[in-house]
Amino acid sequence: IESDGAKHLKEGLPKLTNLLTFNLYNNKIGDDGMMFLSEGIKLVPSLTSLDLGSIFLGENGCQYLGEALKCLSSLLTLSIYNNKLGDNGAKYLADGIKSVTSLTTLDLHSSKILE
């Protein structure tokens, strides 16, 4: 799945009202794709597990994801490993994660955060 595929997922996600786990591991979503996906993810507050490992996510994509995270009050596990988040991306994620008080597991290994 690449950026164009993310557009299609955005349309279908709101219909999955009971979705608990969403795994996009090892797809070429990128920052542009995350722009689309984040809009769909916001509308699935039932999510408890989100795996975005190795999806070519960078700082800009983190900004979109950070906003989406604010709507995921049931999220327990968030995996964003093996991406190039950078320091600014980490700040965007931290801002969004503050709203997810249910979070018990956060996996950021190999995500190119320096500070």
Side chains of I1 and L24: does their closest heavy-atom pair fall under 4.5 Å? yes
Taking every non-hydrogen atom, the tightest pair across A68 and S38: CB-O, 3.6 Å
Could you state whether F56 and I41 fall into the same hydrophobic cluster, counting links through intermediate Ile, Leu, Val, Met, Phe, Trp or Tyr residues with side-chain heavy atoms under 4.5 angstrom apart? no
Contacts table for residues 101-108: side-chain donor-acceptor under 3.5 angstrom, sequence neighbours left out:
from : atom 1 : to   : atom 2 : distance (Å)
S102 : OG     : S73  : O      : 2.9
S102 : OG     : L75  : N      : 3.3
S102 : OG     : L75  : O      : 2.6
T104 : OG1    : L76  : O      : 3.2
D107 : OD1    : H109 : N      : 3.2
D107 : OD1    : H109 : ND1    : 2.7
D107 : OD2    : H109 : ND1    : 3.4

Mark yes when over 12 heavy atoms from residues, nucleotides or ligands other than K28 sit less than 6.0 Å from its NZ; otherwise mark no. no
Is there side-chain contact between M34 and N60, with at least one heavy-atom pair below 4.5 Å? no
Heavy-atom count around K42 NZ within 6.0 Å, excluding the residue itself: above 12? yes
Can you name the nearest heavy-atom pair linking L65 to L52, along with the distance? CD2-CD1, 3.6 Å
K7 and F36 have their tightest heavy-atom pair at CE-CZ, 3.3 Å
C62 and its side chain to side chain contact (heavy atoms under 4.5 Å, CB included) partner, picked from N88, I80, L85: L85
Flag, side chain of N23 to backbone of Y25, donor-acceptor distance under 3.5 Å: yes
Test side-chain contact (heavy atoms from CB on, under 4.5 Å) on T48 and T77 and set out the steps. CA-CA 6 Å; T48 59; T77 302; over 6 Å; no
Intermediate values then yes/no, side-chain contact (heavy atoms from CB on, under 4.5 Å), N26 and I55: CA-CA 5 Å; N26 204 28; I55 64 164; over 6 Å; no
For L57, does its backbone N or O pair with a side-chain atom of D31 as donor and acceptor, under 3.5 Å? no
Interatomic spacing from CG in N27 to OG in S3 - rounded to 0.5 Å: 12.0 Å
Could you state the interatomic distance from CD (E39) to CD (E67), rounded to the nearest 0.5 Å? 9.5 Å
In Å and rounded to the nearest 0.5 Å, what is the CG to OG1 distance from L50 to T21? 9.5 Å
Interatomic distance, CG@L72 vs CD1@I97, rounded to 0.5 Å, equals 11.0 Å
Residue pair S54, N82: steps toward the side chain to side chain donor-acceptor pair (under 3.5 Å) verdict: CA-CA 5 Å; S54 300; N82 199 29; 2.8 Å; yes
Is there side-chain contact between L13 and F22, with at least one heavy-atom pair below 4.5 Å? yes
Spacing of CG belonging to L43 relative to SG belonging to C71, to within rounding of 0.5 Å: 7.5 Å
Hey, does the side chain of D95 reach the backbone of L93 with a donor-acceptor pair shorter than 3.5 angstrom? no
Polar contact flag, side-chain donor to acceptor under 3.5 angstrom, S79-D51: no
ILVMFWY cluster, L37 and V100 together (side-chain gap under 4.5 Å): yes
How long is the straight-line distance from OH of Y64 back to CD of E59, given to the nearest 0.5 Å? 12.5 Å
